[in-house]
Protein chains: 2
Amino acid sequence: MSDSSAFDRLVVELRRITLFGSCGSVLGWDEQTYLPPAGGEHRANQLSLLAGMRHEMATSARVGDLIAAAENEVRGEAAESPRGVVVSEARREYDRATKLPQALVEELSRVCSLGQQAWIEARKAKSFAQFQPWLEQIIALKREEARALWNGTGEIYDALLDAYEPGASTAEVAAVFDALRPPLVTLLREITESPRQADPSILTRTYPRAAQEEFSLAAAKAIGFDFDAGRLDVAAHPFCSGFGPGDCRLTTRYDERHFPGAFFGTLHEAGHGIYEQGLDRTQYGTALGDSASLGIHESQSRMWENFVGRGRAFWTHFYPQAQRQFSDALGKEPFDNFYRAVNDVRPSFIRVEADEVTYNLHIMLRFELERRLIGGTLEPADVPAAWNERFAASLGLTPPDDAQGCIQDVHWSAGLIGYFPTYALGNMYAAQFFDAARGELGDLDAQFARGEFAHLKEWLNAHIHRRGRLYKAPRLLEVVTGAKLSHEPLMRHLRRKFGELYGL
Amino acid sequence: MSDSSAFDRLVVELRRITLFGSCGSVLGWDEQTYLPPAGGEHRANQLSLLAGMRHEMATSARVGDLIAAAENEVRGEAAESPRGVVVSEARREYDRATKLPQALVEELSRVCSLGQQAWIEARKAKSFAQFQPWLEQIIALKREEARALWNGTGEIYDALLDAYEPGASTAEVAAVFDALRPPLVTLLREITESPRQADPSILTRTYPRAAQEEFSLAAAKAIGFDFDAGRLDVAAHPFCSGFGPGDCRLTTRYDERHFPGAFFGTLHEAGHGIYEQGLDRTQYGTALGDSASLGIHESQSRMWENFVGRGRAFWTHFYPQAQRQFSDALGKEPFDNFYRAVNDVRPSFIRVEADEVTYNLHIMLRFELERRLIGGTLEPADVPAAWNERFAASLGLTPPDDAQGCIQDVHWSAGLIGYFPTYALGNMYAAQFFDAARGELGDLDAQFARGEFAHLKEWLNAHIHRRGRLYKAPRLLEVVTGAKLSHEPLMRHLRRKFGELYGL
């Protein structure tokens, strides 16, 4: 390979585009964490400019030529060879980007930046009406985006889903959700009818903010998030943003009368962060240095949050620390009551605070509404009614206001449509990966009970993180676990865990 | 004027360049405030890319053509007309930028980003040796920059000074410093020999950090910094960064055993911030929406810090609050002792903590060394010896280590050479502006004693901030005060204030 091969020049160019995009990530993070109220418009202008310039870089004829030349160079190599994947993923992203008009990209960035700021205010005011004009603009733009991207087969929502879960189709997602729903609903009914109920009020005692922060940081550190290469800050919506090698930002939010929010939120985001920190930095900018899909990303966050963080073994180690840290709230509370409380299954309004069982129902609802919004059979103005109707049908509750209903999540305000289903896919992937890890690593629970999480983390590093996007999600799942996507491992996990807790 | 006049198109382009540059400011701010240690290299790469792209935008043939066409359009208009100034300042900056090779701009950005990170560590380690390789690289690059920019008249240091104080020359600065030095040294000797000395130990009692933060924020707010459009965060070096309309960031640092550092530092940066917030946002991106010079900028920060913030009237209002906030340290301390302590004049090591009298001597030392570094008569390796020798000659003290000597300031690590003299110019401008304000606004002290600062702020808004760079600094001074730059108003202020305090 000479230095001036098209492949090498393509990699230099891909790095430059990714590096440039990462500058926008810094501004996006700051917008959510530290932006003063009056700075919103200027920030929207900055982000719109950067998005437009990034799009221009990514769709330049120069990049197109380099991809074509690199395709010639790697033609003899296997499709799953590292070089082959770098080039084919560059092609996939280039073809996608060139379908989007520059003006649409800039407008989407600007409107979504302002939309997120409007969403924060609307959520505070518990008013969908206040957010509605923004949702209308955003849905109109996302429909335009979907039309520009769609290849005409399957369903138009595929075009948006593909951005987050390459290779997945709406029909496949709907099928696996349809398979998951009945056993989930059955389990939920059995749990709800069980006489052995937890006392969740344990978790709404007073948990001082400083102690929550210290405890959350300690747990995130214990499971392997490296704070030399990252931070935890406060934002209205918890998220993880990997800026690039050595810099990954997590956010959370604290409520002194609700322990699980910040704690499990931090574990969740730390799970994302451990993935970001585990990427191969020598491959930065190419598909090999990037995550496989959002579903795979979510499998990591949900694994650390739920499979590890809500497990008996985890709390065997951490509960004595929690009792010291929150002595007023937990000092005299027996382990079992606390463990049951953090695993309380109960229909509730807020997705990010939902238990492992009902969580997937929250996702299915969003998936259904999004499909209709993009397909044109639901208009933004009708979202609250549709939400409340579907929520009641699915979870048996009616949200008391929009903040606990259709405007609870940041996603739509940020233009992230097609994103929600990856959360439930993540739960299923997580169950499958966790079974595989357990098969190879032996008694993980014994390790967790001793506060040892390194074996699992290193296994995930080796089998998932360091592979980047060498394999697309369905193929990665097969390579790592030997199986295809299925709802069954997740249901087995839920049956086993909650069967024991609720005496089913 | 049609929408498509060259002037209008130039303004659109200037706004775009400024907007793009402001994205880099966000990353620069984050680097100083929240960047995790391992993120330094990636941040340097990001900043280098942005600096290079900004330079490319600012030096494009398209911009050059627009400037030339706009020059034709405004040819009949007065040199000090708003349109004339927008075009001539665009020309000045374009000609300056096009003299700098793209590679130099990128390399300077990268090295200075890493250099600042290295400086933080070197200062912690009190080791010039640790910083020396970075200083060598930076000085070599700044010499190259100066050579590229210098027009061959005057002195090569002019080329760097011009970036911060357009229109000023090294010779003029040296002349006014030479005029200031003798009366300053005389005053300092009289003060030092006075039997009426303050007790500065009052200020090194325990001042809890949270209370310092609250008190500093309250004072910054009181003098008129708008926290809806800005923030105060913590950084190794206090600074102010105006990102653009509605978003201006201040930083400070807290030391529980040193009250003045954070407090006067915050007032100082808030003074800069009030200037940034007072700029005409409709002129964003052009010279009319930008500050006049760094010297004028510094006149604002030093005015609020010293002429207002270290004044008797200011503390008449704030001291009772300070006594409540810091009851352990100040509860029983008489007003006069505190007032004398915050105005204690005494040779000391750290510039940003220096009193109003010795401060200018710190600047003259740096100006002298910088001139020699750029002129080639001083090498980076010899800086500590030269610093310590000149420091002893000027202030009668020998720094105990480099952290209290030649590596105390961030500037050189950030490539800010030619910047220091603007601080002393700012002191002189401030004295002249303050005299003018007092002449027009009557008894400012009576207002300050009531906690009223709005008249002064609005006067500064109208006479200085909203004018942008319609006038260059020397001309602005004349327009506002009717006089030329002189050391005399500053000396009169110092003589009057410290004459009273020290019974001279």
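Owing to the predicted nature of the structure, the values given are computational and were not obtained by experimental measurement.
A pairwise comparison of heavy atoms in A:Val26 and B:Arg43 identifies CG2-NH2, 3.5 Å as the closest pair. Between B:Arg249 and A:Pro36 the shortest heavy-atom distance is NH2-CD, 3.5 Å.
For the atom pair CG of A:Leu49 and CZ of B:Arg15, the computed distance is 13.5 Å after rounding to the nearest 0.5 Å. The distance from atom OG of B:Ser48 to atom CG of A:Leu19, rounded to the nearest 0.5 Å, is 8.5 Å. If you take CD on A:Glu41 and CZ on B:Arg281, they are separated by 6.5 Å, rounding to the nearest 0.5 Å.
Both the backbone and the side chain of B:Tyr34 come within less than 4.5 Å of a heavy atom of chain A. Both the backbone and the side chain of B:Arg16 come within contact range of chain A, with heavy atoms under 4.5 Å apart. Neither the backbone nor the side chain of B:Leu47 comes within contact range of chain A; no heavy atoms are under 4.5 Å apart. The part of A:Phe227 that comes within reach of chain B is its backbone (N, CA, C, O), which places non-hydrogen atoms under 4.5 angstrom from that chain.
Of the listed residues (B:Gly24, B:Ser22, B:Cys248), the one with the most heavy-atom contacts under 4.5 Å to chain A is B:Ser22.
Without hydrogens or angle criteria, B:His42 side chain to A:Asp247 main chain gives no donor-acceptor distance under 3.5 Å.
Surrounding CD of B:Glu256 are more than 12 heavy atoms belonging to other residues, nucleotides or ligands, all under 6.0 Å away.
Using a cut-off of 4.0 Å between Lys/Arg side-chain N and Asp/Glu carboxylate O, B:Arg231 and A:Asp30 are scored as not salt-bridged.
Aromatic ring orientation, B:Phe20 versus A:Phe20: parallel (interplanar angle below 30°, classes split at 30° and 60°).
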